[in-house]
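Here is the structure we will look at, set down as structure tokens.
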Amino acid sequence: MADAAPARLGDRPVDAVLLDYGFTLVTFSRPDASLRSAHDEIRRRLLAAGAGPVPSAEVLLQGVHDRVEMAVERHESGGVLRELDVVSLEREAYADLGLRLPSPLLDEVAGIAQRAWWDGVVVGAGVPATLAALRRGGLRLALCSNAPYRPASMHAQLHHLGLAALLDGATFSSEVGWRKPAAPIFAACAGALGVPAERCVMVGDRRREDVAGARSAGMATVRTREHRDDPGEDDADVVIDHLSQLPRLLFGAATEGAGVVASGDIGSSRRTR
């Protein structure tokens, strides 16, 4: 790949690839056993800190973690572009259980809960090899993700999964304060790479968040339907069935004539702008 032709999507040169996280690079499932163990540990930490009358681990799990998760789900389904303040939600949830935690202790116990989720994240088959191939071709890579959780926890998750070493950057909505499809998160991600938007391609699984948002920001778009096929009418410049098809797409799989991908190789496509 070191001798590959410069990357292009149709007639557009590409210097950087922005990648969605959930259902693009990884899939998630709730790690119930790990969450229960984590809240046993959280309860021990709260007791050791003298935080006051501490309820059972199950009450902590339901009254804080699950309450916040439900708020996150409502926020996401509502399509609000301003990101949620998860830290304030956690503080309020603990307060409603009679526990007023100083910020360092709140950060500590929240970190324990978020680390439990590491056991529920699975990196997609072929993802490390695909990212390595893109980088060998000279592309800069960055994660561009809607994630309202503490940035430190999210970056730690990337390191744990081995993905951080394969990326040149990662931008989470919790760092920017805006969720995809809002323009600021795309601008922040491209800006961190030092690449103009018109030379970036956004790869993700959602038509609104990843495709429409990136297009409005001036980027080319690729939608992957490997883990879910988001319904809708407007679509990406190219649709692929597997992320592993991306290197071939960008380094020469397109047929002659403006971004139409060889039939049967990639999936469906539309003429790039």
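None of the values given here were measured: they were computed from a predicted structure.
- Between Asp168 and Arg135, at least one side-chain N (NZ, or NE/NH1/NH2) sits under 4.0 Å from a carboxylate O, which counts as a salt bridge.
- A distance of 7.0 Å separates CG of Leu19 from CG of Leu167, quoted to the nearest 0.5 Å.
- Partner of Arg150 under the side-chain hydrogen bond (donor to acceptor under 3.5 Å, both in side chains) criterion, chosen from Glu90, Gln114, His155: Glu90.
- The shortest side-chain heavy-atom distance between Arg207 and Glu233 does not fall under the 4.5 Å cut-off.
- Side-chain contact annotation: Ser103 with Arg91, donor-acceptor N/O pair under 3.5 Å present.
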May I have the step-by-step check of salt bridge (charged side-chain N to carboxylate O under 4.0 Å, His left out) for Asp235 and Arg225, ending in yes or no?
CA-CA 12 Å; Asp235 213 341; Arg225 54 191 176 198; over 6 Å; no
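- Within the 3.5 Å criterion, the main-chain N or O of Ala156 finds no donor-acceptor partner in the side chain of His160.
- Annotation: side chain of Leu163 is in contact with side chain of Val26 (closest heavy-atom distance under 4.5 Å).
- Partner Arg223 forms a side-chain hydrogen bond (donor to acceptor under 3.5 Å, both in side chains) with one of Asp229, Asp237, Asp205 and no other, that one being Asp229.
- Test Leu35, Ile42, Asp32 against Leu61 for side chain to side chain contact (heavy atoms under 4.5 Å, CB included) and you get one pass: Leu35.
- Distance check, rounded to the nearest 0.5 Å: CG of Asp15 to CD of Glu198 gives 9.5 Å.
- Every residue two or more places apart in sequence or in another chain that forms a ring pair (Phe, Tyr, Trp, His ring centres under 6.0 Å) with Tyr21 is listed here: Phe28.
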Determine all donor-acceptor pairs shorter than 3.5 Å in which one atom belongs to a side chain in residues 182-194; sequence neighbours excluded.
none

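- Put simply, CG on Asp230 and CD on Glu209 are 7.0 Å apart, with the number rounded to the nearest 0.5 Å.
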